[in-house]
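Worksheet: one structure, shown below.
No hydrogens, no waters, no symmetry mates; every other heavy atom, side chains included, goes into these values. In the text below, chain A, chain B and the rest are named by the order of the sequence lines, each starting its count at 1.
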Number of protein chains: 2
Amino acid sequence: MSLSCDVCALSDICLPAGLNEAEFSLLEKNVVTGQKYTKGSQLYAVGETFGGLYAVKSGSFKSVVSSKDGDAQIVSFHMPGELIGFDGYDSTHTSSVIALENSMVCKVPGSHLDFLCSNIKSVSKHIHSMIANDVRAHNSVLVLIAQRPAEERVICFLKNISDRNKKRGFSAIDFTLSMTRGDIANFLGMAPETISRLLSQLQDDQIVEFDRRNVHIMDLEELALRSCGQDEGSAIRA
Amino acid sequence: MSLSCDVCALSDICLPAGLNEAEFSLLEKNVVTGQKYTKGSQLYAVGETFGGLYAVKSGSFKSVVSSKDGDAQIVSFHMPGELIGFDGYDSTHTSSVIALENSMVCKVPGSHLDFLCSNIKSVSKHIHSMIANDVRAHNSVLVLIAQRPAEERVICFLKNISDRNKKRGFSAIDFTLSMTRGDIANFLGMAPETISRLLSQLQDDQIVEFDRRNVHIMDLEELALRSCGQDEGSAIRA
DNA sequence: CGATTGTTTGAAGTTTCTCAAGGTGCGTGG
DNA sequence: CCACGCACCTTGAGAAACTTCAAACAATCG
């Protein structure tokens with residue numbers, strides 16, 4: 001199955017702006033669209049040679065690194081429109097990427113990447129932006145984990161997911177989390193029990209309602225207020 | 001003052017390998033060498049337009065991001081041979097970089113960067129590696145802070161500094177820290193008092209000796225052992 | 001040399017984790 | 001289609017790690 005970029009709902013986020021027709025066609029020829037990954041399957045694993053960059057088309061993924069002790073750490077979640085793969089840029093991947101649900105990605109093979117960057121200025125620019133976004137996202141997470149109490153981490157996480165949904169044109173107040181509480185806990189550097197307790201508390205406070213992984217934000221304003229220190233721009237993962 | 005790259009002790013780390021003479025000369029023409037920064041001065045600040053990438057020639061720097069609440073978070077330390085600036089790649093810097101001591105850097109202006117990447121394949125490749133290293137370094141820090149107890153963080157930090165010194169041809173067991181205890185604490189996500197206590201403990205355990213910022217590692221093997229989960233490759237900042 | 005910044009140490013307090021047990025829903029196989 | 005098993009989630013109570021507050025000391029820098 002192949003879905004061309006010009007009918008893709010994500011093209012605004014995914015593609016650089018201002019391409020002319022020739023450039024667009026060139027780009028499209030170098031992208032493998034609509035690759036499917038089932039829930040739990042790996043996009044790539046630690047140690048694999050860099051094969052290219054992936055854009056999430058639908059579904060979601062988590063990036064995981066592991067320390068020698070064997071315990072894993074989730075370093076980011078990836079939602080539609082977002083680019084995955086820089087951790088292996090030009091060498092070997094140091095993280096594994098796993099589908100959280102049945103998902104689709106488009107792939108720009110690494111070999112074509114240089115070609116595209118050299119020939120289409122705006123692609124090169126777009127890639128640079130993505131890299132900078134990546135760095136910013138990492139930094140935001142670091143700030144969150146290094147110096148924020150657990151409650152604020154959870155709030156920022158929810159706010160961030162909400163923001164990213166909004167950015168893609170979906171509801172900012174009603175959505176479904178694709179990751180487990182355990183995943184969230186791991187990502188935010190705390191125990192799953194702590195997540196559970198804090199979510200319950202947010203519910204008691206009438207700020208967010210939870211029905212398992214379904215989230216309904218009742219007071220977005222209050223949520224934003226309590227997540228001070230994180231602005232929309234410096235999203236956990238842009 | 002201008003110091004050419006071919007006499008620079010860091011050229012192995014700093015430059016891509018296998019350049020021919022023409023390429024080398026081209027590269028050198030596009031680098032501004034030997035810019036001085038005094039202790040406490042800024043290489044660039046949050047909000048500044050991307051001006052290029054910097055290679056640390058001597059001295060050291062810290063990268064700082066700040067949350068809305070105003071409190072700062074150190075996201076990385078930079079030592080000689082390391083590249084700074086990707087957080088603003090092609091747009092605006094989101095961190096500030098501050099000299100921890102009197103330092104020198106070489107600068108590759110952003111405008112020349114595209115030119116160099118397009119014309120010297122190995123430069124492009126080198127940059128890609130640097131980006132991937134950056135991502136890896138960020139991930140390592142995240143693992144450390146998200147799921148390691150304070151003692152291990154400090155040990156990993158010391159081990160990391162030691163490794164980086166070794167990589168540059170300096171002593172792995174005798175060195176001077178250029179940052180304050182407060183800086184280390186901030187970077188590792190804990191209170192300065194905790195750092196102080198843990199360092200004292202390491203000294204009591206006969207593993208490391210401290211004379212203010214002078215460090216002498218007495219038992220490197222034990223240090224490595226206790227910093228399990230972090231290998232040399234996945235350095236905090238490569 | 002005086003002020004400011006950085007460092008150390010102690011004691012009390014708080015957050016978060018660990019351990020434990022019970023509950024809920026989902027998917028698989030009968 | 002139901003039942004069972006498994007993974008996930010929730011909640012409580014006690015324990016541990018780390019922070020905060022406080023005070024004293026050391027070193028650096030104008």
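Below the 3.5 angstrom threshold, one finds no donor paired with an acceptor across the side chain of E151(B) and the base of dC18(D). Not a single donor-acceptor pair, N or O on each side, falls under 3.5 Å between the base of dG6(C) and the side chain of R213(B). With hydrogens and angles ignored, no donor-acceptor pair closer than 3.5 Å exists between the side chain of R148(A) and the base of dT16(C). Side-chain atoms of R197(B) and base atoms of dT20(D) include a donor and an acceptor less than 3.5 Å apart.
No option in L43(B), I84(B), V105(B) other than I84(B) meets the side chain to side chain contact (heavy atoms under 4.5 Å, CB included) test with H78(B).
Nucleic acid contact for P149(A): sugar-phosphate only, since backbone atoms but no base atoms lie under 4.0 Å from a heavy atom of the residue. G189(B) comes within contact range of the sugar-phosphate backbone alone, with a heavy-atom separation under 4.0 Å but no base atom that close.
If you measure from atom CG of D71(A) to atom P of dT18(C), you get 11 Å, rounded to the nearest angstrom. Atom CG in D211(B) sits about 18 Å away from atom P in dG6(C), given to the nearest Å. A straight line from CD of E193(A) to C1' of dA15(D) spans 14 Å, rounded to a whole angstrom. Regarding L202(A), its CG atom lies at a distance of 12 Å from the P atom of dT10(D), rounded to whole Å. Distance, D183(B) CG to dG6(C) P: 8 Å, rounded to whole Å. Rounded to whole Å, atom P of dC17(C) lies 12 Å from atom CG of N186(A). Atom-to-atom, CD of Q201(B) to P of dC18(D) comes out at 11 Å; the value is rounded to the nearest Å. Between the C1' atom of dC8(D) and the CZ atom of F210(A) lies a distance of 16 Å, rounded to the nearest Å.
With R181(B) contributing its side chain and L199(B) its backbone, the two residues share no donor-acceptor pair below 3.5 Å.
Nearest nucleotide to the side chain of T180(A), out of dC17(C), dC9(D), dC26(C): dC9(D).
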Go through it in stages, so that I can follow the logic: the residues are E222(B) and R226(B), the test is salt bridge (charged side-chain N to carboxylate O under 4.0 Å, His left out), and I'd like the CA-CA distance, side-chain angles, deciding distance and then a yes or no. CA-CA 6 Å; E222(B) 180 64 19; R226(B) 293 200 192 186; 2.9 Å; yes
One pair to check against salt bridge (charged side-chain N to carboxylate O under 4.0 Å, His left out): R136(A) and D87(B). What are the steps and the verdict? CA-CA 6 Å; R136(A) 275 174 215 131; D87(B) 69 297; over 6 Å; no
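Using a 30° and 60° split on the angle between ring planes, F50(A) and H93(A) fall in the tilted class, from 30° to 60°.
Comparing M190(A) and R212(A) against DNA chain C, the residue whose closest nucleotide sits nearer the 5' end is M190(A). Positionally, the nearest nucleotide of DNA chain D for L198(B) lies more toward the 5' end than for the other of L198(B) and K39(B).
At the phosphate of dT9(C), neither OP1 nor OP2 sits under 4.0 Å from any side-chain N or O atom of S196(B). The phosphate of dT8(C) (OP1 or OP2) has a side-chain N or O of R181(B) nearer than 4.0 angstrom. OP1 or OP2 of dT19(D) lies within a sub-4.0 Å distance of a side-chain N or O belonging to T194(B).
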